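Starting from 1, each residue takes its place in the sequence as its number. Bear in mind that the values here come from a model prediction, so they are computed numbers and not experimental data.
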Amino acid sequence: MANTDKVTEVASLEERKRSEPGFGHVGARLNKFTLLCALLASTNSILLGYDIGVMSGAVLYIKENLKITSVEEEILVGTLNVFSLVGSLASGKTSDYIGRRYTIVLAASTFLIGALLMGLAPSFAFLMAGRIIAGIGVGYSLMISPVYTAEISPAMSRGFLTSLPEFFITFGILLGYIVNYAFASLPPHINWRIMLGLATIPSIVIALGVIAMPESPRWLVMQGRVDQAKEVLIKTSNTKEEAELRLEEITKAALSNNGSPDLAQQSNWRGQGVWKELLLRPSRPIRRMLISSIGMNFFMQASGNDAVIYYCPEVFNAAGIHNKKELFGVNVIMGLAKTSFVMFSALYLDRFGRRPLLLVGSAGMAISLAGLGLGSKFLDHSDSKPSWAIVLSIVAVCADVSFFSLGLGPITWVYSSEIFPMRLRAQGTSLAISVNRLVSGVVSMSFLSISKKITFGGMFFVLSGIMVVATVFFYVFIPETKGKTLEEIGALFKDKDTKNDKEGKEMAVV
């Protein structure tokens, strides 16, 4: 009887969802308050983008001013990514303990301290200390922004809203390029300090903006604070009926995850036991979620996108473009292309779905990197530096970052934040993004050294091969999640036989 009642409840909820105007409908009006909250949370990601963009130019003046070696340059660039691993790992447990909203404040405040230290750094060691602290803040922001946004968003606009962090990363990169260009004419002992120190401004804006944001309704439900969760859902839904349906679905999922008949008994839950469930004894669906999310985050950074952006001036300097203003001009063009494509992806992600854009983007990156490798090879072996090879390299690098912004860039954040069940979401996402940060750090800190051994052209051919493997991985392991609520996505990772049996039993009862 218990199972029959449960199936009847599920069928009743599905029928009400279908009949409720605007709930889960593709053409449903986007709630303005939800959009505001998503924008404020996603603005946190501008911190990483700005650092990537501005450091690609600032490091040229840091080398000149502080007389650092190429190895020290790699360490300086890669340190932020390596220590963002610490922030990513800690962010899941932190956000389960203090909530999603205050974790966003913590991320912005930590980066603020790091940016101040970098802008005022009198020496390389001081600069490294600032990079380490800023890196921890970046790690926190990369996990919490998409998770918070996914947890407040309705199903049919979640792809657009959860891809906003990648838009702000891209916008931050473009902003960094523009700042590089604007301050390039200042003396080299001043300009890089201004470039790095300006990152304090978005940190302050983000920390203040969080005042207007509510807590995640799903986190509130997990704390047994259902009434407060209902208030948030009413604000983030188009109708009160939609809010009640969303609350009912979230509450059912929370009760199922906690194994308790009473959510009030879960008020002391602070994320304990999740790591054990994720790593020591994961179920088959959880194991598949981990493979999918970790694999996607691995390939996102193994593609070399961050390293290409960081070291783009070095690549084109080797190609024969020596004027720093011209180098930064190429960066601005690349930033504009990247921003355009990430906006296209964000606007159409909920229409076309995750898989098509991901596969097109990955295949496009493989072709673009092969073209960049070809152009770089000709430039490496030619004293005359033919114009066609320079043009091919510029077009190929713009195409590479554009295809990244169409697929892997935004979809990694969307996918990582939506596939884990509620109780495991924060710490599962933090684990996947930790892999992202680790691989990014390794690639950034080894890119120049490997390129010197096998040339820039050889390095780009290797990255092209990695993207071919990535495309095959995505085709095999990544299911489509478009249009499904966070509570429905778990069924995609269950065995097909199990899903068919369950559907058969539900049909029999109905």
*Asks:* Are any side-chain N or O atoms of S163 and backbone N or O atoms of F160, one a donor and one an acceptor, separated by less than 3.5 Å?
*Replies:*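 Yes.
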*Asks:* Just checking, any donor-acceptor pair under 3.5 angstrom between side chains of T481 and R354?
*Replies:*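 Short answer, yes.
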*Asks:* Hey, what's the ring geometry for F168 with F171, parallel, tilted or perpendicular (30° and 60° as the breaks)?
*Replies:*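 If you compare the ring of F168 with that of F171, the planes turn out perpendicular.
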*Asks:* The criterion is salt bridge (Lys or Arg N to Asp or Glu O under 4.0 Å); which residues satisfy it with E166, sequence neighbours excluded?
*Replies:*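 Not a single residue meets the salt bridge (Lys or Arg N to Asp or Glu O under 4.0 Å) criterion with E166.
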*Asks:* Do the side chains of R423 and D96 get close enough for a salt bridge, i.e. N-O under 4.0 angstrom?
*Replies:*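 Looking at R423 and D96, the cut-off is not met.
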*Asks:* Closer than 3.5 angstrom, by distance alone: can the side chain of S417 be matched with the main-chain N or O of V414 as a donor-acceptor pair?
*Replies:*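 Yes, S417 side chain to V414 backbone: donor-acceptor pair under 3.5 Å.
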*Asks:* Going by atom types only, do S416 and N297 share a side-chain donor-acceptor pair under 3.5 Å?
*Replies:*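 Indeed, the side chains of S416 and N297 share at least one donor-acceptor pair under 3.5 Å.
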*Asks:* Can you list the residues that meet the side chain to side chain donor-acceptor pair (under 3.5 Å) rule with S153, with sequence neighbours excluded?
*Replies:*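 Partners of S153 under the side chain to side chain donor-acceptor pair (under 3.5 Å) test: none.
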*Asks:* Apply side chain to side chain donor-acceptor pair (under 3.5 Å) to the pair E249 and T485, showing each step before the final yes or no.
*Replies:* CA-CA 9 Å; E249 193 166 26; T485 67; 3.3 Å; yes
*Asks:* Look only at the side chain of S345 and the backbone of V342, and say whether a donor-acceptor pair between them is shorter than 3.5 Å.
*Replies:*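 No, the answer is negative, given that no donor and acceptor are paired below the 3.5 Å cut-off.
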*Asks:* Residues in ring pair (Phe, Tyr, Trp, His ring centres under 6.0 Å) with F344, at least two apart?
*Replies:*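 Here the qualifying residues are Y348.
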*Asks:* Using a strict threshold of under 4.0 Å (side-chain N to carboxylate O), is an ion pair present between R100 and E215?
*Replies:*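 Judged by the 4.0 Å cut-off on N to carboxylate O distance, E215 and R100 do not form a salt bridge.
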*Asks:* Is a donor from one side chain sitting under 3.5 angstrom from an acceptor on the other, for R246 and S237?
*Replies:*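 Distance-only check passes for R246 and S237.
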*Asks:* With sequence neighbours left out, what residues match R287 under salt bridge (Lys or Arg N to Asp or Glu O under 4.0 Å)?
*Replies:*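 R287 satisfies salt bridge (Lys or Arg N to Asp or Glu O under 4.0 Å) with no other residue.
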*Asks:* For F473, give me all partners under ring pair (Phe, Tyr, Trp, His ring centres under 6.0 Å), at least two apart in sequence or on another chain.
*Replies:*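 F473: ring pair (Phe, Tyr, Trp, His ring centres under 6.0 Å) contacts with F299, F477.
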*Asks:* When you measure from the side chain of W219 to the backbone N and O of S95, does any donor-acceptor pair fall under 3.5 Å?
*Replies:*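 Between the backbone of S95 and the side chain of W219 there is a qualifying donor-acceptor contact (under 3.5 Å).
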*Asks:* Taking the cut-offs as 6.0 angstrom to the six-membered ring centre and 45 degrees off its axis, would you call R355 and Y475 a cation-pi pair?
*Replies:*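 Because its charged atom sits under 6.0 Å from the ring centre and within 45° of the axis, R355 does stack over Y475.
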*Asks:* Please enumerate all residues that pass side chain to side chain contact (heavy atoms under 4.5 Å, CB included) together with A107, with sequence neighbours excluded.
*Replies:*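 Scan of A107 (side chain to side chain contact (heavy atoms under 4.5 Å, CB included), adjacent residues dropped) gives N44, Y140, S141.
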*Asks:* First locate atom NZ of K482, then atom CG of L357, and finally report the distance between them rounded to the nearest 0.5 Å.
*Replies:*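 One gets 10.0 Å once the value is rounded to the nearest 0.5 Å.
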*Asks:* Does T34 reach the main-chain N or O of T236 with its side chain, forming a donor-acceptor pair under 3.5 Å?
*Replies:*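 Judged by distance alone, yes, a pair lies under 3.5 Å.
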